[in-house]
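Below: one structure, written as structure tokens.
In what follows, chains are A, B, ... by sequence order, proteins preceding strands, each numbered from 1. Because the structure is a prediction, the values reported are computed rather than measured.
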Amino acid sequence: MSADTIPITIELAGGLELLFDNEKKFNIDLPTKTKDGNAANINYLVDHLCVHHMKDTRRDMFEINGTVRAGILVLINDADWELEGEGEYELQPKDTILFVSTLHGG
Amino acid sequence: MEKFSLGSENLDLRIRIAELERELADYRSGAVANSTTNGHATHGLDGEDEEDEEEEELPTPEDQDDKAVRLDLDEFRRYGRQMIMTEVGLDGQLQLKRSKVLLIGAGGLGCPAAAYLAGAGIGTIGIVDHDLVEPSNLHRQIMHTVEKVGHPKVKSIISSLKRINPNPKYIAHNYALTPENSIETLGKYDLVLDCTDSPQTRYMISDACVLLGKPLVSASALRSDGQLVVLNNPPGEGPCYRCVFPKPPPPESVLSCGEGGVLGPVVGAMGVLMSTEALKVLLSKADKKKRRKPAHLSPDIRPADAKDAPKKEESLEQKKFYMTIYSAFSDTPFRTIRMFGKRKTCQACSPVATITKESMRNGSLDYVAFCGGKGSGKYPPLTKDEVINVEEYSKLRQNKEGGLLIDVRDDVQFGICALENSISKKFGLNRLPLA
Ligand SMILES: [Zn+2]
């Protein structure tokens with residue numbers, strides 16, 4: 001296991017899995033540092049997912065202005081990301097990050 | 001200890017039942033003239049004929065609270081199985097009977113939620129919906145039946161609910177909720193259930209609940225996923241819908257059940273959970289002096305007026321807010337996630353809020369525009385000239401002028417039916433906004 005990557009689990013729900021070829025859960029090895037040498041945070045993860053894992057071409061269904069778009073809840077180990085520093089949260093090994101699209105149907 | 005207390009409560013109930021049986025015998029023998037029983041239990045099951053129900057005026061909350069509410073023998077028999085629970089008891093049942101609950105939406109969420117609330121003996125149940133029953137509703141909207149297709153949903157659901165329990169007073173609001181009428185409509189109730197299906201109604205209902213100080217049980221579902229959250233609970237302390245979702249989603253990402261599909265039991269499960277949360281909110285208001293504290297009420301969520309309640313700020317500090325999410329095909333279908341809570345800058349519920357009853361009543365709040373409106377996504381809506389209807393296209397094809405037909409729907413929809421010689425080229429979630 002390399003120290004250059006952090007093993008994390010990604011989960012998708014509320015329809016976001018459709019952007020990722022219907023994968024609801026997968027593990028990734030995220031580079032520890034960004035190109036600029038900063039620690040990998042959620043915003044970096046979002047970009048990484050768009051570039052390497054998203055199958056749908058419409059990036060703006062997931063990412064807008066460098067972070068997740070409105071209408072997506074981000075849960076860091078089952079807690080709202082706003083409790084953890086939002087996009088600035090630095091990922092730790094074995095973190096589970098859940099992206100849930102808010103639903104409106106009834 | 002649990003056993004002892006449960007036993008004694010049970011005994012109380014038996015004594016009360018015996019008392020009532022005596023009263024009933026007296027009543028039957030004519031010894032008691034003009035008894036105060038509340039008439040509407042005798043309506044019978046022929047819901048069809050009671051079309052005049054919606055004209056009835058609701059008593060103001062003040063009248064109702066002062067009126068002594070009692071249960072008759074049939075009600076003891078009907079509700080006994082839930083009354084012997086520690087969390088309910090006689091006071092809990094009386095509290096349910098005193099309560100007035102409004103369900104907004106008589107669809108996939110509203111049907112099961114209303115069925116259990118009616119069954120539980122809520123005193124007054126109001127339902128808002130302006131739609132008619134359609135065949136495509138029947139796989140999930142379990143209070144509507146084949147013979148009700150084409151009828152107003154509110155009439156259909158109320159006639160079904162009366163067959164479950166004729167006791168509650170049912171109020172039909174056969175119109176669409178708007179910013180202008182929402183304060184008036186919601187104001188007469190104690191608790192609101194948001195069973196609607198669009199972001200704009202969800203923001204509007206939450207705003208009205210905040211302004212009126214009503215707790216709100218909110219749920220939603222799409223495909224195999226559901227979400228459930230209790231908002232503005234207790235009023236003024238819990239987060240509102242805007243606290244949880246300060247910014248609306250981009251319109252092109254919003255799918256209705258009609259567009260995205262939905263599995264019946266998934267939306268049904270969410271509706272059932274809504275009714276449980278509604279009962280919890282209502283039971284928490286029952287008279288604590290007469291019964292032990294329900295197990296689900298931890299000391300930090302008792303109302304501020306309870307004698308030994310912690311100071312308001314402390315209790316807010318400790319209080320955590322959760323959302324339940326359901327993902328039917330996931331390895332862990334039910335999860336409870338911790339939410340951020342009340343937002344200091346919330347437009348609806350914070351000290352710097354800008355939304356007022358007046359701005360709702362006079363219609364100056366445009367929820368459709370706030371949520372991006374229809375067809376205001378990044379793709380311009382198609383013009384009339386760019387759209388062709390099926391009859392016209394069929395004629396073109398007959399004349400061999402059909403051109404190349406590209407079907408942009410997903411594989412599942414293409415698999416269900418497709419036109420001959422069309423080419424499947426799926427286009428993401430394939431939403432082309434129409435003008
Ligand atoms: Zn708020």
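More than 12 heavy atoms of other residues, nucleotides or ligands shown are found within 6.0 angstrom of CG on A:N38.
A donor-acceptor contact shorter than 3.5 Å is absent between the side chain of B:S253 and the backbone of A:M61. Side-chain N or O atoms of A:R69 include none that pairs as donor or acceptor with a backbone N or O of A:N65 at under 3.5 Å. Formation of a donor-acceptor pair under 3.5 Å by the A:E17 side chain with backbone atoms of A:G15 is found in this model. For the pair B:D225 (side chain) and A:G14 (backbone), a donor-acceptor distance under 3.5 Å is present.
Taking the six-membered ring where the residue is Trp, A:F62 and A:F20 present perpendicular rings, their angle passing 60° and hence far from 30°. Using cut-offs of 30° and 60° on the angle between ring planes, the pair B:Y175 and B:H173 is perpendicular.
Only the backbone of B:S198 comes within less than 4.5 Å of a heavy atom of chain A; no side-chain atom from C-beta onward does. Interface residue B:P248: only backbone heavy atoms are found under 4.5 Å from chain A. In this structure, no portion of A:I72 lies under 4.5 Å from any heavy atom of chain B. When heavy atoms are compared at a cutoff of 4.5 Å, B:F340 approaches chain A by way of both its backbone and its side chain. Only the backbone of A:S101 has a heavy atom closer than 4.5 Å to any heavy atom of chain B. With a threshold of 4.5 angstrom between heavy atoms, B:I325 approaches chain A through side-chain atoms but not through N, CA, C or O. Both the backbone and the side chain of A:L83 have a heavy atom closer than 4.5 Å to some heavy atom of chain B. With a 4.5 Å cut-off on non-hydrogen atoms, A:E11 touches chain B through its side chain but not through its backbone.
When each of B:P250, B:G226, B:G271, B:G107 is scored by its heavy-atom pairs under 4.5 Å with chain A, the top score falls to B:P250.
Among A:L30, A:I76, A:L49, A:T9, the one residue that satisfies the side-chain contact (heavy atoms from CB on, under 4.5 Å) test with A:I97 is A:I76. Screening B:L186, B:T201, B:L109, B:L193 for a side-chain contact (heavy atoms from CB on, under 4.5 Å) with B:I104, the sole residue that qualifies is B:L186. Among A:N41, A:D95, A:N43, the one residue that satisfies the side-chain hydrogen bond (donor to acceptor under 3.5 Å, both in side chains) test with A:Y89 is A:D95.
For residues 260-270 of chain B, the interface with chain A (any heavy-atom pair closer than 4.5 Å) comprises B:V267, sorted by residue number.
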